Amino acid sequence: MTFRFTLEATEGMARAGVFHTPHGPILTPVFAPVGTQATVKAVAPRDLRDLGASLILANTYHLHLRPGDALIRDLGGLHAFMGWDGPILTDSGGFQVFSLADLSEIDGDGVTFRDHLDGSLHRFTPEVAIQIQHNLGSDIIMAFDQCPVPDDRAMVRAAVERTHRWLARCAEEHARSGDPGRQALFGIVQGGIFMELREESARFVTGLDLPGYAIGGLSVGESKADTYDTLTQTVPLLPADKPRYLMGVGSPEDLVESVARGVDFLDCVLPTRVARNGAALTRAGRINMRNLQYADDPRPLEEGCTCYTCTHFSRAYVRHLVKASEILGHQLLSIHNLHLLLTIMREMRAAILDGTFADYASAFLAGYQPVGSQKGARRNPLPVG
RNA sequence: GGGUCGGUGUCCCGAGCGGCAAAGGGGGCGGACUGUAAAUCCGCUGGCAGAAGCCUUCGCAGGUUCGAGUCCUGCCCGGCCCA
């Protein structure tokens, strides 16, 4: 079967495995760089390959509006269109219900978006979101969900119920007009920070036999403690023999904290977005390359890093590029930041296979200073080790 | 030599035409960014207090006025035109 998930090893809640797709295997845990508009901004597919990326994410909403999913289908599908022959996951547009809340109106049947490009109206329903993803031809397609503000109980409850109704329609549409052997539909568990809603959602979503399950609606404004607590309690509600995908999460410390809690897939815009805004991620924390202190710093972004940026350029040079708004600055920082996250994922996978993940995770977190945190700030205990 | 336009916040451009510590840019400095409306967004950018205050700023020197970056006189510097 195409979308077979094989567990290779576990340590505590952490898992290492393989998810098979028509465009090759995904070794998990895995981090997926985000390429919303069929491009990981500032990074060519060749570079993604060199960085060891296996799975990348693209977006249904954006590609439907431009250039159009029918066009992409006619040009041979998303893989051919964007020159990426590895696995692709497409988000359904559900997140845009949240991020474009001012431009969208939701009802029981679907969502009407005011196109952020030209103001025209577009109707998204579960069926439409699935059909678009069929046209795109991505390996993993996501159910059309509603991602609510996480701490408003009434809103979250309504979103959970709507998400469930929509999931059933997505599954039906995929069975009717899609090819489950070519594209895997993942369902999404919602519920905000409310455990009884997460439980209810997990029960419903896992009640459908799907090749993978996602946790949505986290890192959308709630505290880190709430994120981790919710994750700790939600992951065990998902079946062990299917991949678990935590949507939209991906600071370095989040990767470690999430894998420690049993997450297999993650994606996040953070490494590439902060790169374009001048920040480098390191194992010690995030540094802002615009800062004056790096103006004459001959060191690489991160000592010991083996990425193209760090093996060829100084902090002083990268800072210069950033200050001068040179495109290469975005490219070099994006490459470095993705390299770090992808390397961390590989290291975690190796540690799980070796049975040394607990040590790896605690060592990593001990050396990492999260943004905005005070030195010595308390941290949630890791549920491993 | 004559005419004319102009010199603005100790980085630059620049609004201002009697109530101004003085618009707006750029640049500089700092912060934010988590299923991407993001190469975006938000602060600060004369000094001291740092709330309500005080002090020093608009080429230089005088003058008019309750009050001058703004009006008048002279000078210095720059652009253009005429000689």
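So that the names make sense, note that chain A is the first sequence line, chain B the second, and so on, each numbered from 1. Computed from a predicted model, the values in this text were never measured in an experiment.
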Handout entry: Any A:Asn277 side-chain N or O less than 4.0 Å from OP1/OP2 of B:rC41
Key = no
Exercise for the section: Between A:His330 and A:Pro148, just flag the one whose closest nucleotide in RNA chain B comes earlier from the 5' side. Expected result: A:Pro148
Handout entry: Span that lies between the P atom of B:rA22 and that of B:rU10, in whole angstrom
Key = 14 Å
Practice task
Please check the phosphate of B:rU34 (OP1 and OP2 only) for any side-chain N or O of A:Arg273 closer than 4.0 Å.
Solution key: yes
Problem - Short side-chain N/O contact to B:rC33 OP1/OP2 from A:Arg286, under 4.0 Å - result: yes
Problem - Distance, rounded to the nearest Å, where A:Met289 contributes CE and B:rA32 contributes P - result: 15 Å
Handout entry: Separation of B:rA32 C1' from A:Lys224 NZ (nearest whole Å)
Key = 14 Å
Practice task
Return the nucleotide paired to B:rG69: Watson-Crick means purine N1 to pyrimidine N3 with N6-O4 or O6-N4, wobble means G-U with N1-O2 and O6-N3, both under 3.5 Å.
Solution key: none
Handout entry: Length of the NE2-C1' vector between A:His116 and B:rU40, whole Å
Key = 14 Å
Practice task
For B:rA61 and B:rG30, measure between their P atoms and round to the nearest Å.
Solution key: 37 Å
Practice task
Could you check whether A:Asp254 gets within reach of a base, just the sugar-phosphate, or nothing at all, counting any heavy atom under 4.0 Å?
Solution key: base
Exercise for the section: Examine B:rU34: is either OP1 or OP2 under 4.0 Å from a nitrogen or oxygen in the side chain of A:Ser219? Give yes or no. Expected result: no
Problem - Whole-Å C1' distance, B:rG74 and B:rG26 - result: 36 Å
Handout entry: Separation of the C1' atoms in B:rG24 and B:rU8, to the nearest angstrom
Key = 13 Å
Exercise for the section: If the plane angle is over 60° it's perpendicular, under 30° parallel, otherwise tilted; pick one for A:His23 and A:His79. Expected result: parallel
Exercise for the section: Quickly work out the A:Ile88 CD1 to B:rG35 C1' distance and round it to whole Å. Expected result: 16 Å
Exercise for the section: From the options B:rG35, B:rA38, B:rA37, select the nucleotide whose nearest atom is closest to the side chain of A:Leu100. Expected result: B:rA37
Problem - N or O in side chain of A:Asn59 less than 4.0 angstrom from B:rA37 OP1/OP2 - result: no
Practice task
Tell me which nucleotide among B:rU36, B:rU34, B:rA39 gets nearest to the side chain of A:Cys268.
Solution key: B:rU34
Handout entry: Phosphate OP1/OP2 of B:rA37 contacted by A:Gln96 side-chain N/O (<4.0 Å)
Key = yes
Handout entry: Under 4.0 angstrom between A:Ser99 side-chain N/O and B:rA37 OP1 or OP2
Key = yes
Practice task
For A:Phe98 and B:rC33, give me the distance from atom CZ to atom P, rounded to whole Å.
Solution key: 14 Å
Exercise for the section: Measure from CD on A:Glu253 to C1' on B:rU34 and round the result to the nearest Å. Expected result: 10 Å
Fill in the blank from the handout: OG1 (A:Thr21) and CD1 (A:Ile88) are apart, to the nearest 0.5 Å, by 9.5 Å
Practice task
Look at all strands and tell whether A:Ser251 reaches a base, only sugar-phosphate, or nothing, counting heavy atoms closer than 4.0 Å.
Solution key: base
Problem - Nucleotide of B:rU36, B:rG35, B:rG31 approaching A:Met247 most closely (side-chain heavy atoms) - result: B:rG35
Practice task
For A:Gly35, answer base if it contacts any base atom (sugar-phosphate contacts may also be present), sugar-phosphate if it contacts only those atoms, and nothing otherwise; contact means non-hydrogen atoms under 4.0 Å.
Solution key: nothing
Practice task
Could you please name the partner base of B:rU40, counting Watson-Crick and G-U wobble pairs only when both distances are under 3.5 Å?
Solution key: B:rA32
Practice task
Run the numbers on A:Arg203 and A:Glu200 for salt bridge (charged side-chain N to carboxylate O under 4.0 Å, His left out), then give the verdict.
Solution key: CA-CA 5 Å; A:Arg203 195 176 314 122; A:Glu200 177 184 329; 6.0 Å; no
Exercise for the section: Take A:Arg123 and A:Asp107, measure what salt bridge (charged side-chain N to carboxylate O under 4.0 Å, His left out) needs, and give me the verdict at the end. Expected result: CA-CA 11 Å; A:Arg123 181 69 181 166; A:Asp107 57 64; 2.8 Å; yes
Exercise for the section: Please state whether the rings of A:Phe313 and A:Tyr317 are parallel, tilted or perpendicular, taking 30° and 60° as the class boundaries. Expected result: parallel
Exercise for the section: Using the C1' atom as the reference point in each nucleotide, state the distance between B:rG69 and B:rG16 in Å, no decimals. Expected result: 8 Å
Problem - Short side-chain N/O contact to B:rG31 OP1/OP2 from A:Asn288, under 4.0 Å - result: yes
Exercise for the section: Scan A:Ile188 against the nucleic acid and name what it touches under 4.0 Å (heavy atoms): base, sugar-phosphate only, or nothing. Expected result: base
Exercise for the section: By nearest nucleotide on RNA chain B, pick out whichever of A:Ser92 and A:Ser325 is the more 5' one. Expected result: A:Ser92
Practice task
Name the nucleic acid region contacted by A:Leu57, choosing base, sugar-phosphate or nothing; use a 4.0 angstrom heavy-atom cut-off, strictly under.
Solution key: sugar-phosphate
Completion exercise
As its Watson-Crick or G-U partner within any shown strand, both distances under 3.5 Å, B:rA22 has none
Practice task
Name the nucleic acid region contacted by A:Glu222, choosing base, sugar-phosphate or nothing; use a 4.0 angstrom heavy-atom cut-off, strictly under.
Solution key: nothing
Exercise for the section: Using the six-membered ring wherever Trp is involved, compare the ring planes of A:Phe186 and A:Phe265 and label them parallel, tilted or perpendicular (cut-offs 30° and 60°). Expected result: tilted
Between the protein and nucleotides 25-28 of chain B, which nitrogen or oxygen pairs come in under 3.5 angstrom?
none

Practice task
Determine the interplanar angle of the A:Tyr360 and A:Phe364 rings, folded into 0 to 90°, and report it as parallel if under 30°, tilted if 30 to 60°, perpendicular if over 60°.
Solution key: parallel
Practice task
Sticking with atom P, work out how far B:rC55 lies from B:rA21, rounded to a whole angstrom.
Solution key: 11 Å
Problem - Pair A:Lys224 + A:Asp254, salt bridge at N-O below 4.0 Å - result: yes
Handout entry: Polar pair under 3.5 Å, donor/acceptor by atom type, side chain A:Thr272, base B:rU36
Key = yes
Problem - Distance, P atom - from B:rG59 to B:rC33, rounded to whole angstrom - result: 44 Å
Exercise for the section: Let me know the distance between CG of A:Leu333 and C1' of B:rC33, rounded to the nearest Å. Expected result: 14 Å
Exercise for the section: Determine, for A:Trp84 and A:Arg49, whether the Lys NZ or Arg CZ falls below 6.0 Å from the six-membered ring centre while staying within 45 degrees of the axis. Expected result: yes
Exercise for the section: Answer with base, sugar-phosphate or nothing: what part of the nucleic acid does A:Leu103 contact at a heavy-atom distance below 4.0 Å? Expected result: base
Practice task
Name the nucleic acid region contacted by A:Asp145, choosing base, sugar-phosphate or nothing; use a 4.0 angstrom heavy-atom cut-off, strictly under.
Solution key: base
Practice task
Please state the P separation for the pair B:rC11 and B:rU65 - nearest whole angstrom.
Solution key: 37 Å
Handout entry: Strand partner of B:rG27, provided both Watson-Crick or wobble distances fall under 3.5 Å
Key = B:rU45
Practice task
If the plane angle is over 60° it's perpendicular, under 30° parallel, otherwise tilted; pick one for A:Phe144 and A:Phe124.
Solution key: tilted
Practice task
Measure from CG on A:Leu231 to P on B:rU34 and round the result to the nearest Å.
Solution key: 18 Å
Completion exercise
The nucleotide from B:rA39, B:rU34, B:rG35 with an atom nearest the side chain of A:Val269 is B:rG35
Handout entry: Partner nucleotide, any strand, of B:rU4 [Watson-Crick/G-U, under 3.5 Å]
Key = B:rG79
Practice task
Assess whether salt bridge (charged side-chain N to carboxylate O under 4.0 Å, His left out) is satisfied between A:Glu8 and A:Arg15, documenting all intermediate values.
Solution key: CA-CA 8 Å; A:Glu8 296 170 290; A:Arg15 303 128 54 92; over 6 Å; no
